[in-house]
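Scroll down for the structure; my scribbles are underneath it.
All residue numbers in this chain count up from 1 along the given sequence.
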Amino acid sequence: IFQGGGWKFNVYFNPETARYHSVGSVWRTIMSALPASVLLLLHHRRVVTINNSVWYFLAWICIVSLLVTPVATTGFDRLNIYLVPIQLYAWARLTEIPITWLSKQVLTISVIALYGSYLFLWLNFSSHAICWVPYSNIFF
């Protein structure tokens, strides 16, 4: 990014001259925009309260980033890495919803199934899955 004392904006963000293209950037952005939109919807209906305005701002940034990510996939994908904590915050806030114990269990299993299916699809169908599997370490 920093070459010759200047910042190379065109490498990541200019659609005509961008050298990189991230295929899964839209899906990774959806993974942040989905809980952000659920959080904002529940906050608007006064079911869940957002304690800090930073989370409110980050939720809106996630939704806006969903609209701009297809323009410059790699640049916005790298910026969206900083928006991943909204997923943890939003899914954890769902425990405040006044629903039955069984409904909370179904909600929890649904979130786990969402991330499990995303991991399964990524490991089986991504173009760079071969770089990750088999991952040799001390445990395997």
Worksheet item: Does Asn124 use its side chain to pair, donor to acceptor, with the backbone of Phe120 at less than 3.5 Å?
Response: yes
Worksheet item: Between Ser126 (side chain) and Leu123 (backbone), is there a donor-acceptor pair under 3.5 Å?
Response: no
Worksheet, complete the sentence: By ring-ring contact (aromatic ring centres under 6.0 Å, His included), Trp27 pairs with (sequence neighbours left out) none
So do [Y] and [X] actually touch side chain to side chain, heavy atoms under 4.5 Å?
{"X": "Pro98", "Y": "Val47", "answer": "yes"}
{"X": "Leu114", "Y": "Trp91", "answer": "yes"}
{"X": "Ser65", "Y": "Leu83", "answer": "yes"}

Worksheet entry | Other residues, nucleotides, ligands: >12 heavy atoms within 6.0 Å of Tyr82 OH | no
Worksheet item: Is the CG atom of Leu119 crowded by more than 12 outside heavy atoms at less than 6.0 Å?
Response: yes
Worksheet item: How long is the span from the CD1 atom in Ile97 to the CZ atom in Arg45, to the nearest 0.5 Å?
Response: 10.5 Å
Practice prompt. Hey, could you give me the CD/CG distance between Gln87 and Leu58, rounded to the nearest 0.5 Å?
Written response: 12.0 Å
Where [X] and [Y] come nearest, the two heavy atoms and their spacing:
{"X": "Ala59", "Y": "Ala36", "value": "O-CB, 3.6 Å"}
{"X": "Thr73", "Y": "Ser25", "value": "CB-OG, 3.3 Å"}
{"X": "Pro85", "Y": "Trp55", "value": "O-CZ3, 3.7 Å"}
{"X": "Asp77", "Y": "Arg28", "value": "OD2-NH2, 2.6 Å"}
{"X": "Leu39", "Y": "Ala90", "value": "CB-CB, 4.0 Å"}
{"X": "Lys104", "Y": "Thr95", "value": "NZ-O, 3.0 Å"}

Fill in: Candidate pair Val106 and Ser110, rule side-chain contact (heavy atoms from CB on, under 4.5 Å), full reasoning
CA-CA 6 Å; Val106 169; Ser110 299; 4.2 Å; yes
